[in-house]
Amino acid sequence: MREAGRGIAAAMGALSAMAFVAVVALMLLDAGRFGGLVAVTAAVVALAVGGSVEVVASPGGGLPITVHGSVHLVPLGISLVGAVVLGALLLRRGQDGLAVRVAAAAVAFPAGLAAVALAARGGLALQLPIGSSGGCVRTPNLPFRGGFPAPLSAGFTVDVVSTVAAAAGWVLVVGGVCWAALRFRAFAAGLRGSLVAVGVLTAVCLLVAGTFGGAAAAGGVLLVLPQVVAAVLVLGLGVPMTLPCGAAPSLAWVAAVVLLGCGIVVAARTRARPGGPLRRAAGLAVRLGPAIGVTLAVTTWLSRVSLDLSVAVFSFSIPVLGANPLLALAAGLAGGALAGFAGSLLVDGFRNRSSVSSRTWKR
């Protein structure tokens with residue numbers, strides 16, 4: 001019973017952390033001007049575990065038209081916070097009782113998400129960019145011109161059943177990662193290094209965004225930083241990507257710097273590597289390529305954003321952001337392997353030069 005209680009506490013801790021970060025991000029974005037902050041926060045938390053938001057809107061101006069839509073978006077910043085907190089709390093007692101804690105969390109967390117989904121109901125004041133030429137999101141032609149003449153009076157809800165099912169799967173995935181971290185030391189070391197890198201990257205991006213972009217930019221970083229990083233790497237590696245505002249600038253150098261930095265960090269943290277420089281570089285390329293490829297493919301898959309809208313008898317889907325996960329996997333494999341190979345050679349060269357300099361100094 002004690003382990004079950006710890007699992008329930010872990011689930012509630014993760015849910016509280018997700019809600020806290022979500023409300024901070026939405027306050028920075030001034031999301032309260034679109035609707036009730038509590039309801040919008042609940043909707044964001046439900047989206048973070050894979051739920052979907054349904055919207056029903058009616059334009060002003062006396063038009064007898066009702067717009068039905070659903071938003072498919074995973075704010076991975078909120079998802080990552082919840083996963084880290086849940087995993088950390090589940091791992092506090094080690095291997096003993098882990099299965100019981102995960103099972104309890106797999107019951108408590110979906111139950112909490114059911115309450116959150118029920119609270120994610122409210123009204124919104126929106127102006128959709130349909131029919132306008134100045135917005136980034138381009139939509140098909142509708143049976144009227146000029147767009148909606150007034151802001152939409154919209155209501156939104158979250159599907160409870162799909163949110164609960166997604167939350168249960170989410171907990172089981174985190175529990176599987178915890179088991180792997182306890183079972184395999186290399187995986188645990190890589191996971192710790194990745195979390196440190198993510199923490200440093202988040203802090204730097206928050207500082208830069210807050211300094212140059214203001215509060216709204218910092219709020220966006222809290223919500224979708226993983227999507228931004230994945231998009232930069234995917235575009236930099238040459239993978240075609242659907243973007244809300246058309247073509248993006250060349251990001252090849254950014255992706256090269258980020259991947260090479262990963263290769264250097266991993267090579268520097270791996271002390272005991274047998275063989276000569278080329279063998280060590282090849283070994284790191286073999287390990288780093290699949291890791292980056294799989295991570296980039298999964299993040300790309302989770303980063304897809306789309307809107308499904310129906311107006312009268314017209315129905316259409318608007319892809320806002322997305323790329324082919326298989327192409328991202330292939331590009332990540334190649335880019336990660338090259339980064340591992342180059343990073344290993346650079347670290348070996350630096351160590352050899354430092355060793356030579358040290359011996360010369362001692363003489």
Side-chain angles (χ1 to χ4, degrees), residues 1-22 42-53 72-120 158-192 194-195 198 226-227 230 290-291 293-304 325 329:
M1 290 300 294
R2 183 174 298 179
E3 296 299 331
R6 292 186 178 121
I8 295 173
M12 295 301 102
L15 188 57
S16 299
M18 295 171 71
F20 175 77
V21 176
V44 170
V45 173
L47 286 171
V49 298
S52 63
V53 174
H72 304 282
L73 162 69
V74 180
L76 289 178
I78 308 302
S79 307
L80 185 61
V81 168
V84 170
V85 173
L86 179 62
L89 293 176
L90 289 176
L91 287 172
R92 288 187 65 183
R93 297 288 175 172
Q95 185 74 43
D96 296 337
L98 177 63
V100 176
R101 294 194 296 274
V102 171
V107 174
F109 191 79
L113 257 296
V116 169
L118 290 173
V158 171
D159 184 69
V160 177
V161 175
S162 64
T163 301
V164 168
W170 188 83
V171 172
L172 294 177
V173 169
V174 175
V177 172
C178 292
W179 175 83
L182 292 173
R183 183 69 175 81
F184 306 104
R185 292 183 179 180
F187 180 82
L191 185 61
R192 284 194 297 268
S194 300
L195 291 177
V198 168
Q227 273 99 331
V294 171
T295 301
L296 198 56
V298 172
T299 307
T300 300
W301 177 64
L302 293 175
S303 298
R304 292 177 297 178
L329 173 63

Quiz: residues 76-83 side-chain donor-acceptor pairs under 3.5 angstrom, not counting sequence neighbours:
| unit_1 | atom_1 | unit_2 | atom_2 | d |
| --- | --- | --- | --- | --- |
| S79 | OG | A48 | O | 2.5 |
| S79 | OG | P75 | O | 3.4 |

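In this structure the side chain of V74 never reaches within 4.5 angstrom of the side chain of L47, judged on heavy atoms.
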**OP:** Could you please spell out the steps behind the side chain to side chain contact (heavy atoms under 4.5 Å, CB included) verdict for W170 and L113?
**Re:** CA-CA 11 Å; W170 188 83; L113 257 296; over 6 Å; no
**OP:** For the pair M12 and F109, evaluate side chain to side chain contact (heavy atoms under 4.5 Å, CB included) and give the outcome as yes or no after the intermediate values.
**Re:** CA-CA 7 Å; M12 295 301 102; F109 191 79; 5.6 Å; no
**OP:** Show the numbers, then the answer: is there a side chain to side chain contact (heavy atoms under 4.5 Å, CB included) between L329 and V294?
**Re:** CA-CA 6 Å; L329 173 63; V294 171; 4.3 Å; yes
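Using a distance-only test at 3.5 Å, with no hydrogens or angles considered, no donor-acceptor pair links the side chain of R92 to the main chain of L89.
V45 approaches A22 most closely through the heavy-atom pair CG2-CB, 4.1 Å. Smallest separation of non-hydrogen atoms from T163 and A46: CG2-CB, 4.0 Å. Minimum heavy-atom separation, L90 to L98: O-CD1, 3.7 Å. For the residue pair V100 and A4, the shortest heavy atom distance occurs at CG1-N, 3.8 Å. Across all their heavy atoms, A230 and T299 have their closest contact at CB-CG2, 3.4 Å. For A119 against A42, the heavy-atom pair with the smallest separation is C-CB, 4.1 Å.
Annotation for F20: atom CZ does not count as buried by contact number, only 12 or fewer foreign heavy atoms lying within 6.0 Å.
L15 CG to L86 CG: the interatomic distance, rounded to the nearest 0.5 Å, is 10.5 Å. Taking CG of L73 as the reference point, atom CG of L302 lies at 11.0 Å (rounded to 0.5 Å).
Within the structure, salt bridge (Lys or Arg N to Asp or Glu O under 4.0 Å) contacts touching residues 96-120 (residues at least two apart or in different chains) are E3-R101. The salt bridge (Lys or Arg N to Asp or Glu O under 4.0 Å) pairs that include a residue from residues 293-302 number zero, where partners must be two or more places apart or lie in different chains.
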